[in-house]
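Heads up, the thing below is written out as structure tokens.
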Number of protein chains: 2
Amino acid sequence: MTGVFDALAADRSRLERAGAAQRVAEVLRDHITEGRLAPGTRLSEEALGEALAVSRNTLREAFRLLADQRLVVHELNRGVFVKVLNPGDVADIYTLRLALETAGVRALRSAASERLAAVRAALERAESAEALDDWVTVGTADLHFHQAVAGLAGSERIDECMAGLMAELRLAFAAVPSARGLHEPFLRRNQVLAGLLESGEIDDAEVELTRYLDDARAVIVRAMTGAGGQ
Amino acid sequence: MTGVFDALAADRSRLERAGAAQRVAEVLRDHITEGRLAPGTRLSEEALGEALAVSRNTLREAFRLLADQRLVVHELNRGVFVKVLNPGDVADIYTLRLALETAGVRALRSAASERLAAVRAALERAESAEALDDWVTVGTADLHFHQAVAGLAGSERIDECMAGLMAELRLAFAAVPSARGLHEPFLRRNQVLAGLLESGEIDDAEVELTRYLDDARAVIVRAMTGAGGQ
DNA sequence: GGCTAGGGGATTGTGGAACAATCCGACAAG
DNA sequence: CTTGTCGGATTGTTCCACAATCCCCTAGCC
């Protein structure tokens, strides 16, 4: 049944052209996660439709996609708004993050070797960005690092779930003034975590991961309530 | 800040009137999870729009909602189809289930008491349905039981994630001929698990849960490949 | 003065029709 | 048997119309 075309079949996803709704959703997602659309902004169907040159129907389909990624909230008869994260949301996100990343750590022994390589690769991207003082890129690499940790579980659904969580977290990052103060303290701890994983110390890695996420949550919540928190 | 209206606020979701798209999605979801729409069925926009008396616009919005719950798959220019679960999907679902339910067990000490009560309540619903030989209801209660276990974590996102997973699992259940053979062996193990939780034996509960899910996955995969496997 | 009630304007929710884009199956040609 | 091509059918997208709903503002009342 399976033949020499398996390598091609793996790239099948790249072949699927994106519909207009999907492309619109991607554009909006980028604008939101990069902070160009402030949380709370109302996304008017008419204004956006004109700006992006798509019809209201298509735009509404894009809104559905974004709503399921939790980047916007849809209020009946009022419209869609860029999601406003409150400290409770951040705590909730970190609860789920802990569950998913822990699952990755625990699956370490049965994980494919390239999965572990992805963890190291993300860490190195973060380090080289740090050398260039590019703290936004450090933040991106940090998210990729943790996605790779969860990815050790080798589950499509976990990967997708983490990707959504990370996009949502960017909303919180955008609200924090100093990207450096947010990421620098955790870079070294990423290195520690990667080391524990590569030497197979699962239990220690799990303990470190738990503390790590607890601390990170506290930092973000403090930054949110300190600055523009409601 | 919080006052005497908390109980009312909890019912807020029931108050939000549902748009037509949402109602259509619910109808379709019920038909799919109860097996009345066989996996692989193509959902024609024209035929369904006429049957449900809604426009194509509304129907397409409903399809987006279902696609994000993974109950249907949307293929560009080909339409939407009722999801066909393969054994790989089932394994993937159980990987994520293990992560979420484990998170619930581990949060047992800090869980609100009503969360643990929900676990017991679901178990009792399963037992009374068993006494009536109503194995479909037993299956529903079984899903609720495990949702309640994950719910111990007290995370909105985990709850929502589990709810989606359970709906997807029903697709697999629908493909298994004997509901009794599927659920009966696991009823007693649910009782064991609930006992461990109520007596606070977290580590033992986690071990039992891991074995439980591993066995359940194996049973379903065997049933799928044995009967109507692709 | 502050609160309630109601009206006007704007926006969303839904339906419907039209056309373009795409896919699939059938048939023909090599 | 494979490859090219055509035609029907379905989806993708746009545009328009109208009802439903919400928000703000004003008027009136206590």
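Per chain, numbering begins at 1; letters A, B, ... match sequence-line order.
Between A:T58 and the phosphate of D:dG12, there is no side-chain N or O to OP1/OP2 separation shorter than 4.0 Å. Residue B:H74 places no side-chain N or O under 4.0 Å from the OP1 or OP2 atom of D:dT10. Taking 4.0 angstrom as the limit, B:S44 places none of its side-chain polar atoms (N or O) nearer than this to OP1 or OP2 of D:dT10. The side chain of A:R42 places an N or O atom within less than 4.0 Å of a non-bridging phosphate oxygen (OP1 or OP2) of C:dT12. OP1 or OP2 of D:dT14 has not a single side-chain nitrogen or oxygen of A:R56 nearer than 4.0 Å. For the pair A:R78 and C:dT12, the criterion of a side-chain N or O lying under 4.0 Å from OP1 or OP2 is not met.
B:T95 is not listed as a side-chain neighbour of B:R217, based on a closest heavy-atom distance of 4.5 Å or more.
Of the candidates D:dT13, C:dG13, D:dT10, the closest approach to any side-chain atom of A:L76 belongs to C:dG13. With C:dT11, D:dC22, C:dG15 as the choices, the nucleotide that has an atom nearest any side-chain atom of B:N57 turns out to be C:dG15. Considering only the side chain of A:S55, D:dT13 comes nearest among D:dT13, C:dG13, D:dG12.
Between A:E114 and A:R120 there is no salt bridge, since no side-chain nitrogen of the basic residue lies less than 4.0 Å from a carboxylate oxygen of the acidic one. Residues A:R36 and A:D30 are not paired through a salt bridge, judged by the lack of any N-O separation under 4.0 Å between the basic side chain and the carboxylate.
Aromatic ring orientation, B:F173 versus B:H183: perpendicular (interplanar angle above 60°, classes split at 30° and 60°).
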